[in-house]
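Working notes, beginning with the structure itself.
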Amino acid sequence: MDSILKVSCNDEKGLILRISEVIFKNGLNYENTSEFVDHENNRFYMRAELNGKVDTKELTNTLEAYLPRGAQVYCTLARKKDIVIMATKENHCLGDLLLRYESGDLGANILGVIANHNDLSGLVKKFDIPFICISSDNLERAKHENAILSELKNFSFDYLVLAKYMRILSPDFVGQYPRQIINIHHSFLPAFIGANPYKQAYDRGVKIIGATAHFVTNDLDEGPIITQDVVRVSHEMNWQQMRRAGANVEKIVLSRALDLVFDERVFVYKNKTVVF
């Protein structure tokens, strides 16, 4: 696979034929394709893995002119993505990503880690990755975010990953990186908000706990969902055991979501996703 093509547009007859004609004329060949039609919204989606030398900008422009008005076409060379991770104090999601990065299984280059506490500096430095602590103590939210934005300008990245970054980002911050910020949270929201959600869930006697990975938008924890998972719990577990089970689900879901995004398998339409 040399490149990946993603197409989203209003559904019409003959779309696959039109796309294939352009692919053929550009000397490319399909390695793998997936298609889906959302009949409720009359929306067509296609993801194709291509072999052959390609001018991604030229192919994109040609297809946009050849497909229904307003078509969204994205073509990129197959490559590892570049990411920056933001964290606070919890180490399970960050640690999992660092290990996957070290083993070559992450599908991305970690350019740096930014945190508002220094607790995880030792862990990050073991992997020879820059760690930047920007303390939020005694700083107004806007000043703290401006300091982070100033550091982010030193990196050229595809995605910003919130690995249990436990602060709410302002609309101004989110607006700098539309559909580039990926977050993981426990699926109790909004039922269990605030400190120690697993203790709250334990007190309520929940039977299922889980996690959701999503793109960050201005609506808190309501951005387009990438993937989710759950595990069953019982009355025999205390809240600390539930928290450990929840941490395992969180790191698995975050890693799975990143695999999907890095492999260009996620389409966003309005506030929903189509995932191949």
Side-chain angles (χ1 to χ4, degrees), residues 1 3-4 74 76-136 144-169 173-174 176-186 211-217 223-227 229 246-266 268 275:
M1 175 178 62
S3 59
I4 300 172
Y74 176 74
T76 182
L77 298 177
R79 64 173 180 86
K80 284 191 172 184
K81 299 298 191 286
D82 294 318
I83 66 171
V84 174
I85 299 175
M86 291 179 63
T88 299
K89 294 182 178 181
E90 296 185 54
N91 62 16
H92 57 285
C93 286
L94 176 61
D96 182 65
L97 296 180
L98 291 171
L99 287 171
R100 297 182 72 228
Y101 168 73
E102 181 73 11
S103 66
D105 294 331
L106 182 60
N109 303 306
I110 301 177
L111 305 182
V113 175
I114 298 176
N116 61 324
H117 293 277
N118 206 43
D119 299 52
L120 302 175
S121 62
L123 171 63
V124 175
K125 289 176 182 177
K126 289 179 181 178
F127 295 85
D128 197 28
I129 293 173
F131 179 87
I132 302 152
C133 179
I134 304 176
S135 175
S136 55
H144 183 245
E145 287 191 349
N146 286 336
I148 295 174
L149 289 170
S150 179
E151 287 292 342
L152 287 174
K153 289 179 181 178
N154 296 322
F155 301 100
S156 178
F157 59 90
D158 297 290
Y159 294 100
L160 185 61
V161 179
L162 308 186
K164 300 301 290 183
Y165 181 70
M166 305 305 289
R167 288 177 63 85
I168 297 172
L169 298 175
F173 188 103
V174 174
Q176 301 280 333
Y177 307 104
R179 295 184 184 175
Q180 286 181 271
I181 308 176
I182 299 170
N183 187 35
I184 182 69
H185 70 69
H186 52 82
T212 298
H214 64 95
F215 290 107
V216 175
T217 64
I225 293 170
I226 303 168
T227 190
D229 204 353
N248 284 333
V249 177
E250 287 173 357
K251 66 184 183 182
I252 290 170
V253 169
L254 179 58
S255 292
R256 185 184 302 154
L258 295 181
D259 285 343
L260 292 168
V261 171
F262 297 161
D263 205 24
E264 303 292 351
R265 295 185 177 277
V266 181
V268 178
V275 181

ask   = CG/Leu97 to CG/Asn91 distance, rounded to the nearest 0.5 angstrom?
value = 11.5 Å

task = Verify, without hydrogens or angle tests, whether Asp158 (side chain) and Ile83 (backbone) share a donor-acceptor contact under 3.5 angstrom.
result = no

Closest approach of Gly104 to Lys80 (non-hydrogen atoms, all atoms of both residues) = O-NZ, 4.2 Å

message = Can you list everything that forms a salt bridge (charged side-chain N to carboxylate O under 4.0 Å, His left out) with Asp259? Sequence neighbours excluded, please.
response = Arg100

note = Smallest heavy-atom separation, His144 atom then Ser135 atom, equals CD2-O, 3.4 Å

task = Measure the CD1-CG distance between Ile182 and Leu254 for me, rounded to the nearest 0.5 Å.
result = 8.0 Å

note = Distance col, row Asp229:CG vs Asn248:CG, nearest 0.5 angstrom, shows 11.5 Å

Side-chain donor/acceptor pairs under 3.5 Å, residues 111-134, sequence neighbours excluded:
residue, atom, partner, partner atom, Å
Asn116, OD1, Thr88, OG1, 3.3
Asn116, ND2, Ser136, OG, 3.4
Ser121, OG, Asn118, O, 3.0

query = Where do Ile226 and Val261 land on the side chain to side chain contact (heavy atoms under 4.5 Å, CB included) test, with the steps shown first?
reply = CA-CA 8 Å; Ile226 303 168; Val261 171; 3.9 Å; yes

task = Decide yes or no for Arg265 and Leu260: does some side-chain heavy atom of the first lie under 4.5 Å from some side-chain heavy atom of the second?
result = yes

inquiry  = As an exercise, state the distance from CD1 of Ile110 to NZ of Lys81, rounded to the nearest 0.5 Å.
reply    = 15.0 Å

query = Within a strict 4.5 Å, meaning less than it, do heavy atoms of the Leu98 and Glu102 side chains meet?
reply = no

query = Given side chains that start at C-beta, do those of Asp263 and Ile4 come closer than 4.5 Å, heavy atoms only?
reply = yes

task = Taking side-chain contact (heavy atoms from CB on, under 4.5 Å) as the test, write out the residues that go with Asn146, two or more places apart.
result = Leu149

message = A side-chain contact here means heavy atoms from C-beta on lying under 4.5 Å apart; do Glu151 and Val84 qualify?
response = no

query = Which distance, rounded to the nearest 0.5 Å, do you find between the CG of Leu152 and the CZ of Phe173?
reply = 5.0 Å

query = Which atom names give the shortest non-hydrogen contact between Arg179 and Tyr159, and what distance separates them?
reply = O-CE2, 3.7 Å

message = With rounding to the nearest 0.5 angstrom, report the CD1 to CG distance, Ile252 to Asp96.
response = 8.0 Å

task = Please report the closest heavy-atom contact between Phe262 and Leu106, naming both atoms and the distance.
result = CD1-O, 3.4 Å

ask   = Got Arg167 and Glu145 here, is their nearest side-chain heavy-atom distance under 4.5 Å?
value = no

message = Less than 4.0 angstrom from a charged side-chain N to a carboxylate O is my criterion; do Glu264 and Arg79 meet it?
response = no

key: Minimum side-chain heavy-atom gap Met166-Lys89 below 4.5 Å   = no

Distance-minimising heavy-atom pair for Ala211 and Ile184 = CB-CD1, 4.0 Å

